Amino acid sequence: MSSRLHRRSVLKGALAVGAGAYLNPGFAAEESKSANGKLNVAVIGLGGQGKSNLNGVSKENVVALCDVDDTRAGDAYTRFPQAKKFYDFREMFDQMAKHIDAVAISTPDHMHFHPARLAMSLGKHVYLEKPMAHSVWEVRELTKLAAEKKVATQLGVQRHTLKSIHDAVEIIRAGVIGNVTEVHAWVGGNRGMPDMPKKFPEVPANLKWDLWLGPAADRPYAPDYCPYNWRFWWDFGTGEAGNWGCHILDIPFWALNLKYPTRVESDGSEVDSQRTPKSMHAKFNFPADGDRPAVALHWYHGTPPILETLGIKKPKGNNVFIGEKGMLVAGFDTFTLLPADKFADFKLPSPTIPKSPGFHVEWLNACRGCQLATCDFSYSGPLSETVLLGNVGCRAGSFDWDAKTLTASTSKAQELIKPAYRKGWEV
């Protein structure tokens with residue numbers, strides 16, 4: 001009981017203190033800097049993408065490892081025997097806050113907000129897996145907190161470094177296809193709407209189920225939820241939109257300098273209170289900004305019907321930009337300008353986007369005081385919010401959106417903007 005009370009007091013103090021030395025990022029980094037000049041890094045979530053992120057920071061001084069599942073953690077503990085092992089990230093910060101500079105977080109979506117919020121409140125730099133958080137309100141809170149604490153951040157949109165994406169952004173910005181007023185983006189497949197659990201066995205010995213649930217409502221353990229299918233349950237995941245939206249919509253967001261939509265429209269989704277859909281279509285209306293006209297951005301889980309209308313067969317990409325002078329099909333690996341005969345002699349404009357030194361290296365450099373990482377929360381926050389607003393539209397129907405006040409025009413949509421947390425996890 002005394003340990004829990006102490007942890008609770010640390011958490012409340014961290015979130016309540018203003019600009020005191022304990023929360024000053026420069027102070028925290030100076031106090032915890034390792035003797036060899038490397039950053040002291042903690043990693044929360046070691047399975048799946050967490051393993052990749054651990055590898056990305058492995059040349060730093062890994063001082064703490066945290067996971068609720070010993071099996072999913074794999075060989076992380078033996079690879080980094082000097083790192084202290086934790087199941088509960090709150091206890092990790094309780095014991096080691098002064099010895100940590102930066103934190104990489106790779107947990108299920110519903111567990112992004114709480115560790116990231118606590119880390120930044122303590123002045124720690126944060127690398128966080130997409131889609132940043134589980135709700136629009138959580139994303140906005142993390143975006144604001146990162147700016148307030150002046151910490152280095154990076155959202156796990158690793159494909160941001162790919163040359164083909166850079167090429168697409170350069171083409172749009174150079175005006176090759178003229179002003180763009182419409183974009184259609186999609187992810188294929190029909191994953192979602194999993195079967196309801198039928199078996200509720202004992203919690204495996206390797207899993208701390210209560211910690212895995214975190215702020216989500218209590219429910220019996222079922223293998224249908226973890227270690228992976230959590231993605232398709234609203235209490236834990238954000239569906240294929242959350243899984244792929246930040247990667248795919250990164251291209252139009254970057255190329256067109258999008259920020260916040262003013263209206264979200266949705267149709268064609270199979271709505272379920274517990275499970276994410278097998279297909280969906282959301283349309284985001286972005287207002288004109290400077291020289292850029294208003295943009296209608298469409299997101300599909302499934303093949304967009306408009307491809308047939310446009311005569312685009314087997315597109316090599318997952319974005320179609322429709323401009324006044326032509327179209328651009330853009331993806332992670334290649335791009336195509338249409339109509340083909342018009343752009344037969346096309347040559348790429350002179351590059352303006354610097355080559356990335358590596359996605360994790362960008363963040364680590366930013367932690368050391370260099371320029372912002374390319375998917376810093378100031379950029380990736382609005383991107384994540386838009387992805388999650390698409391899910392709100394899928395579940396609640398179309399609505400107007402006031403991004404400044406986080407207000408939807410319908411009560412049904414508004415109910416999904418900010419989550420409720422179970423006792424002990426309130427914010």
Side-chain angles (χ1 to χ4, degrees), residues 130 155-189 240-241 243-259 281-284 286 289 291-359 362 374-375 379-380 382-383 386-387 390:
K130 48 76 189 167
L155 189 72
V157 189
Q158 302 87 351
R159 290 170 176 82
H160 197 82
T161 63
L162 296 178
K163 182 181 183 304
S164 183
I165 290 181
H166 292 193
D167 290 343
V169 172
E170 303 274 18
I171 289 169
I172 297 299
R173 288 184 171 180
V176 174
I177 64 171
N179 285 325
V180 174
T181 57
E182 192 173 344
V183 183
H184 295 264
W186 68 92
V187 64
E240 285 289 67
N243 190 25
W244 282 103
C246 288
H247 290 304
I248 295 171
L249 295 183
D250 177 35
I251 306 177
F253 253 77
W254 194 4
L256 297 170
N257 193 29
L258 301 178
K259 195 76 171 180
H281 171 217
K283 175 187 174 186
F284 308 98
F286 291 88
D289 185 12
D291 294 333
R292 174 182 59 70
V295 174
L297 173 61
H298 296 257
W299 166 259
Y300 306 83
H301 176 190
T303 303
I306 197 172
L307 294 182
E308 184 176 352
T309 305
L310 297 173
I312 300 175
K313 299 179 180 180
K314 297 182 179 179
K316 295 181 178 179
N318 37 35
N319 280 277
V320 175
F321 292 81
I322 301 176
E324 58 189 354
K325 299 178 183 179
M327 295 185 292
L328 171 70
V329 180
F332 301 141
D333 302 316
T334 187
F335 68 85
T336 305
L337 284 162
L338 299 172
D341 56 348
K342 180 177 180 178
F343 297 100
D345 299 323
F346 170 77
K347 292 183 180 180
L348 279 168
S350 299
T352 61
I353 301 172
K355 184 177 180 181
S356 172
F359 198 68
E362 288 181 12
T374 55
C375 288
Y379 166 76
S380 54
L383 170 61
T386 300
V387 168

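For clarity, every value in this text was computed on a predicted model and none was experimentally measured.
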To the nearest 0.5 Å, atom CD1 of Ile251 lies from atom CG of Leu162 at 8.5 Å
Val387 and Gly245 have their tightest heavy-atom pair at CG2-C, 3.7 Å
Taking distance alone, no hydrogens or angles, what donor-acceptor pairs closer than 3.5 Å link side-chain atoms of residues 317-335 to residues at least two apart or in another chain?
residue : atom : partner : partner atom : Å
Asn319  : ND2  : Ile248  : O            : 3.0
Glu324  : OE2  : Asn179  : N            : 3.1

Before you tell me yes or no, could you show the steps for Leu297 and Glu182 under side chain to side chain contact (heavy atoms under 4.5 Å, CB included), namely the whole-Å CA-CA distance, both residues' side-chain angles and the distance that decides it to 0.1 Å? CA-CA 6 Å; Leu297 173 61; Glu182 192 173 344; over 6 Å; no
Is the closest side-chain heavy-atom distance between His247 and Gln158 below 4.5 Å? yes
Closest heavy-atom contact between Val187 and Glu240? CG1-CB, 4.3 Å
Closest non-hydrogen atoms of Thr161 and Phe359, given as atom of the first, atom of the second and distance, are CG2-CD1, 3.7 Å
Val169/Ile172 under side chain to side chain contact (heavy atoms under 4.5 Å, CB included): CA gap, chis, key distance, verdict: CA-CA 5 Å; Val169 172; Ile172 297 299; over 6 Å; no
Report yes or no: does His298 contribute a side-chain atom to a donor-acceptor pair with the main-chain N or O of Val183 at less than 3.5 Å? no
Please give me the minimum heavy-atom distance between Arg292 and Leu256, naming the atom from each residue. NE-O, 2.8 Å
Between Asp250 and Cys246 the two heavy atoms that sit nearest each other are CB-O, 3.1 Å
Mind checking whether Leu307 and Pro315 have side chains closer than 4.5 Å, heavy atoms only? yes
Short side-chain to backbone donor-acceptor contact, Ser380 and Cys375, under 3.5 Å: yes
Report yes or no: does Lys130 contribute a side-chain atom to a donor-acceptor pair with the main-chain N or O of Asn243 at less than 3.5 Å? yes
Min side-chain heavy-atom separation Thr374-Tyr379 under 4.5 Å: no
Would you say the ring centroid of Phe286 lies under 6.0 angstrom from that of Phe253? yes
In the structure I gave you, are the side-chain heavy atoms of Phe343 and Ile177 within less than 4.5 Å of one another anywhere? yes
Nearest non-hydrogen partners of His166 and His160, listed with the distance: NE2-O, 2.9 Å
Does any non-hydrogen side-chain atom of Thr386 lie less than 4.5 Å from one of Lys259? no
With no hydrogens and no angle check, is any side-chain donor or acceptor of Glu170 less than 3.5 Å from a backbone partner on Ile353? yes
Output the distance between atom CG (Leu383) and atom CG (Leu155), rounded to the nearest 0.5 Å. 7.0 Å
How would you list, by chain and number, every residue that makes a side chain to side chain donor-acceptor pair (under 3.5 Å) with Ser356, sequence neighbours excluded? Glu362
Can you confirm whether Leu258 sits close enough to Phe284 that some side-chain heavy atom of one is under 4.5 Å from a side-chain heavy atom of the other? no
Is there a side-chain contact between His281 and Trp186 in this structure, where contact means two heavy atoms from C-beta onward sitting under 4.5 Å apart? no
Quick check: do Lys355 and Lys163 have side-chain heavy atoms less than 4.5 Å from each other? no
